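A quick write-up on the structure given underneath.
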Protein chains: 2
Amino acid sequence: MNLNNRQKKILQIVNSTGGAKVSDLSKSLYFSGMTIRRDLQMMENEGLLKRVHGGAIVNDSDFQYPIWYRMEINKEQKKKLAQRAAKHLRDGQVIFFNTSSTLAYLLPYLQQYKNLQIITNSVHLLFMISKMHIPCFLTGGRYNEVEGSISGRQAEAFLRGINPDIAFLSCEALSPDGCVSNSNEDLAEIDRIAIEQSKTAVLLMDQSKLGERCTYTVCHTDRLADVILL
Amino acid sequence: MNLNNRQKKILQIVNSTGGAKVSDLSKSLYFSGMTIRRDLQMMENEGLLKRVHGGAIVNDSDFQYPIWYRMEINKEQKKKLAQRAAKHLRDGQVIFFNTSSTLAYLLPYLQQYKNLQIITNSVHLLFMISKMHIPCFLTGGRYNEVEGSISGRQAEAFLRGINPDIAFLSCEALSPDGCVSNSNEDLAEIDRIAIEQSKTAVLLMDQSKLGERCTYTVCHTDRLADVILL
DNA sequence: TGTAAATTGAACAAAAATGAACAAAATTTA
DNA sequence: TAAATTTTGTTCATTTTTGTTCAATTTACA
């Protein structure tokens, strides 16, 4: 029994029973209380559990649903609203999409238009669009694994060299007074530049994120041609 | 019993039992603890297992090499040659990879270096490298679904703005007189620029493609620091 | 065949893991 | 509230494991 096995076992016990006492763990695993305590401290640092006086309990901190799950939520309603957004589409347009799962609802409507060119900083959208055999360009720059986005100085430079007809954006928060904002500084900057460079900008966003305000302002809604709440 | 057989056996034991102690492996394989320890270190660097105090356990990290890589991993020759290519690696390097599955053999060796920065025009390599938690930049530009590559005018401009310490390239053909060539014009141009911009360039390629010559010349081998035939 | 490189093991110093002792802090009890 | 009890964290000693270095041996290769 080494450190790793012991900690794995402790985690099993804690997760299956909701919590465990140091004294019990010590007795059942045949290690001193001191060792157990050190284990719990390590595991708490890694966010695996929460330490309390006398032992440890499960860590039920906030967790995020994976992206594929979020896409399944409210499918029907979102489809209808994406249809409304699709009314801004025309043949031959150069279109920018930012990084967002919400925008994926728009993709089916691209099929009916000819000679579109898509630019995006989302690798997920890149793949989906490519599978539809629509030419797609990705901004260059630093890859962020969490959102599947490309951002940073180079992505900004890339965008400044392009003038899309329309930008479809999604963001994290929209305050009551019309302030569109994001919690990621780099992605907020991408959005700002996309709006600057594009003739038209349309915001799509999830109603659930309404009314809040994140650290980095993207723009005010009066700069947008349309705001569609899914 | 040579190094490769021994490591294969160690991996079997670890994978079948979930873990093994150095002292036990030493006794059952009749090798000194020191040798076992060196084996484990090597195998950990390649991501095949996880070392813990006293021994090793199965690698349950979130990063897994793709199946085709793990299936090939025991082909000693490729492993050895990738190892030779890895000798060009140093801490803190800025490295370019072009679009090629061959280069994936090098990835395990990246883990042992600190502060690397990778630039590539391959989305497949981008994903693998990101999963290893190494900062990775993608060139901007047109996406080509077939090879999973980014190329075109913007990718070229992106590359010209960067000066990597070393470029690892793979290509489609290498003629007997040392002409490195490619059948895709855009990707050949990317390679040319990468060589131009990099302090050092190393070619890795599959022996099967040896002796031929494609439409677009990339460079001559005397421009390369090393040519490694897998 | 001789030389360079890789492999291996031994010795020993350095580091990690563990438990015991005890003072400090938290909790319970009176 | 104070005393008693339990739990915690610090420190130190002991044991185990690891890494470094060097020498011997084997292997690769020119």
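Just so we're on the same page: letters track the sequence lines, and every chain starts at 1. This structure is a prediction, so every number in the text was calculated from the model and none was measured.
Following rounding to the nearest Å, A:Leu29 (CG) and C:dA17 (P) show an atom-to-atom distance of 17 Å. If you measure from atom CD1 of B:Ile36 to atom C1' of C:dA10, you get 16 Å, rounded to the nearest angstrom. C:dG9 atom C1' lies 11 Å from atom CZ of B:Arg6, rounded to whole Å. Rounded to an integer number of Å, the gap from B:Asp39 CG to D:dT17 P is 18 Å. Regarding B:Leu40, its CG atom lies at a distance of 13 Å from the P atom of C:dT8, rounded to whole Å.
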Within the 4.0 Å limit for protein heavy atoms, which parts of nucleotides 7-12 of chain D are touched? Write it as a string from 5' to 3', B for base, S for sugar-phosphate only, - for none. SBBBB-
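An OP1 or OP2 oxygen of C:dG19 is reached within less than 4.0 angstrom by a side-chain nitrogen or oxygen of A:Thr35. Side-chain N/O atoms of B:Lys87 include one lying less than 4.0 angstrom from OP1 or OP2 on C:dA6.
The side-chain hydrogen bond (donor to acceptor under 3.5 Å, both in side chains) check on B:Gln154 picks up nothing, with sequence neighbours excluded. Evaluation of the side-chain contact (heavy atoms from CB on, under 4.5 Å) rule for B:Ser198 yields B:Pro164, B:Ala167 as partners, not counting sequence neighbours. Shown here are the side-chain hydrogen bond (donor to acceptor under 3.5 Å, both in side chains) partners of B:Ser149, two or more places apart in sequence or in another chain: B:Glu147. For A:Ala188, the side-chain contact (heavy atoms from CB on, under 4.5 Å) criterion is met by A:Asn182, A:Arg192, A:Tyr216, A:Val218, not counting sequence neighbours. The side-chain hydrogen bond (donor to acceptor under 3.5 Å, both in side chains) check on B:Asn15 picks up nothing, with sequence neighbours excluded. Every residue two or more places apart in sequence or in another chain was checked for a side-chain hydrogen bond (donor to acceptor under 3.5 Å, both in side chains) with B:Thr215, and none qualifies.
Between B:Asp177 and B:Arg213 there is a salt bridge, since at least one side-chain N of the basic residue sits less than 4.0 Å from a carboxylate O of the acidic one.
Comparing the helix axis at one end of the helix from C:dT1-D:dA30 to C:dA30-D:dT1 with that at the other, each defined from 5 consecutive pairs, gives an inter-axis angle of 40° (nearest 10°).
The list of side chain to side chain donor-acceptor pair (under 3.5 Å) pairs with a residue in residues 220-229 of chain B, not counting sequence neighbours, reads B:Arg84-B:Asp226, B:His88-B:Asp226, B:His220-B:Asp222.
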